[in-house]
Asker: 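Sharing a structure below in structure tokens format, with a few things to ask.
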Amino acid sequence: MKRVYVEDLSRHTGEQVEIAGWLYNQRGTAKLRFLLVRDGSGIVQCIAAKNELGEGLFALARSLTQETSLAIRGTVRADERAPGGYELLVTDLAKINDAHDYPITPKEHGTPFLLDRRHLWLRSKKQHAMLRIRHELIWAIRDFFNNRGFICFDTPMFTPNAVEGTTDLFAVNYFDTSAYLTQSGQLYAEAGAMAHGRVYTFGPTFRAEKSKTRRHLTEFWMVEPEVAFIDLDGLIELAEEMTVYIVERVLERRCNELADLERDTAPLEAIRRPFPRLHYDEAAEILVEYAKQHPDEGGVEFKHGDDFGGRHETILSDPYHRPVFITHFPAQIKPFYMKRDPDRPDCVLGFDMLGSEGAGELIGGSVREDDHDTLVQRIREHDLPMDAFDWYLDLRKYGSVPHGGFGLGLERTITWLSGRPHLREAIPFPRMLYRMRP
RNA sequence: UCCCCAGUAGCUCAAUUGGCAGAGCGGGUGACUGUUAAUCACUAGGUUGGCGGUUCGAGUCCGUCCUGGGGAGCCA
């Protein structure tokens, strides 16, 4: 008999097939049971009728509990009453293994309870949908860069020093010395760009910041393209094209998953190039004015020179129904490697991209300082250990060129696309300040 | 690190001013041949996060600790 996956059942209407999976839920009467069976590719309703199966098999079907693993044979048929439009009329079934007292019931549960059982929560419909969207996004990002002549350039997880001296790092034992887990592959990607012209690094990064918000993980994934011979406009264009590409791709291939998540896709379908661009000076003006007009609202105070908080990002992106770029941030709030604007030496040639619908910062990027002596001066100004950057400075000694890149936070982007309130569901096993199990 | 909030049955929650600790779901038993988180009946299930205090009496008030959640700072 033909073994098929649930997602392919519509192509086997009228045929006898076998599926193997787990019992998601069952309901019904003393003579007719509706078994919802999931096999990883989807969920199908299987009809177990007493007069078809006989006493023994029907009693077995009725005794099956949630998450019992099983194999079912039956006839595929289309039926409007079945969730998904297709169902399986059961002719034979076999239990593979029992599941007693499965803790995640079809009713509601609190997030701490579910996170403690993340290894099981992954089986639930919405979590299943989230991680399929994650898969699609990773695939789309790789396709986007691969199709444009970028080389995948993997950078190390172990690093001897901080990229940005200010941020907390995870220290680990490294034989007789210590190392840090990377917080960005960027500096190494710059070396890659000087070798290959266009590269991207895609992997996990680690931040030991004691952040306890819906936008933070201690371990998260980031894609960082780095391009030789590119300017600020070129970088923003690249970010814009990538964003439009991945949004379209998820809408096209994962509409079922978005539906399972009850995501209203209209705001995503409305996203078109170009995205609005705001100079930091304009953004600061908007925020100062907003704070003036909303004196009772807490957390909106702002003065020129400040960095944005979560609330500020929402105020800035609210008027637009597409992502927004903020450019030319003040140099004193940005890292040492960002190149200054020659016309405005107090500003950097950098940008952030804020997602629509209050998603916050999804992308941060910049043109890099390419002059050796200026970079040395910046390292001194930021009080960073010069000897840790000798190899990085070599990139400016041997044929330095204008270049730049950006980083996209994968989980934040998944959260934005899926319309969920918290990014912890965007990764199989989230690592947070007070949560490292399972 | 700081600020705010929460902790009561396996889960989600209720309990008036300090006065007999409850419901729904899940589990168990039974009824039902088209259910959509099926429905209905019956049933078992509790050291109210820990310790200490106030009180005739504390789930409720006070102190303290623990655990978790949200936010700030910082960031993707």
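In what follows, every heavy atom counts, from backbone to side chain, and hydrogens, waters and symmetry copies are set aside.
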Asker: Give one of base, sugar-phosphate or nothing for A:F220, where a contact means two heavy atoms less than 4.0 Å apart.
Answerer: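 Base contact.
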
Asker: What nucleic acid atoms does A:I363 come within less than 4.0 Å of, heavy atoms only: base, sugar-phosphate, or nothing?
Answerer: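 A:I363: backbone/sugar contact only, no base atoms under 4.0 Å.
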
Asker: Taking OP1 and OP2 of B:G71, is either one under 4.0 Å from a side-chain nitrogen or oxygen of A:R311?
Answerer: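 No, because none of the side-chain N or O atoms of A:R311 sits under 4.0 Å from OP1 or OP2 of B:G71.
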
Asker: Just N and O in the side chain of A:K210: are any of them under 4.0 Å from OP1 or OP2 of B:U1?
Answerer: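 True: A:K210 side-chain N/O within range (under 4.0 Å) of B:U1 OP1/OP2.
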
Asker: Report which part of the nucleic acid A:T105 touches: base, sugar-phosphate, or nothing (heavy-atom distance under 4.0 Å, all strands).
Answerer: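 Sugar-phosphate, backbone atoms only, no base.
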
Asker: Relative to each other, are the rings of A:W221 and A:F202 parallel, tilted or perpendicular (30° and 60° limits)?
Answerer: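 Answer is perpendicular, since the angle exceeds 60°.
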
Asker: Is the A:F389 to A:F336 ring centre distance short of 6.0 Å?
Answerer: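 So the answer is yes for these two rings.
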
Asker: Does atom OH of A:Y5 have more than 12 heavy-atom neighbours from other groups under 6.0 Å away?
Answerer: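 No, because the 6.0 Å sphere around OH of A:Y5 holds 12 heavy atoms or fewer from other groups.
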
Asker: Using OP1 and OP2 only, check whether a side-chain N or O of A:R424 sits under 4.0 Å from B:G70.
Answerer: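 Answer is yes, contact under 4.0 Å.
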
Asker: At under 4.0 Å, does any side-chain N or O of A:H100 touch on OP1 or OP2 of B:G27?
Answerer: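 Checking A:H100 against B:G27: no side-chain N or O falls below 4.0 Å of OP1 or OP2.
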
Asker: RNA chain B in dot-bracket, Watson-Crick or G-U pairs under 3.5 Å, [ ] crossing, | other strand?
Answerer: (((((((..((((.....[..)))).(((((.......))))).....(((((..]....))))))))))))....

Asker: Considering every strand and a 4.0 Å limit on heavy-atom distances, what is the contact class for A:E224: base, sugar-phosphate, or nothing?
Answerer: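 No contact at all - A:E224 keeps every heavy atom at 4.0 Å or more from the nucleic acid.
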
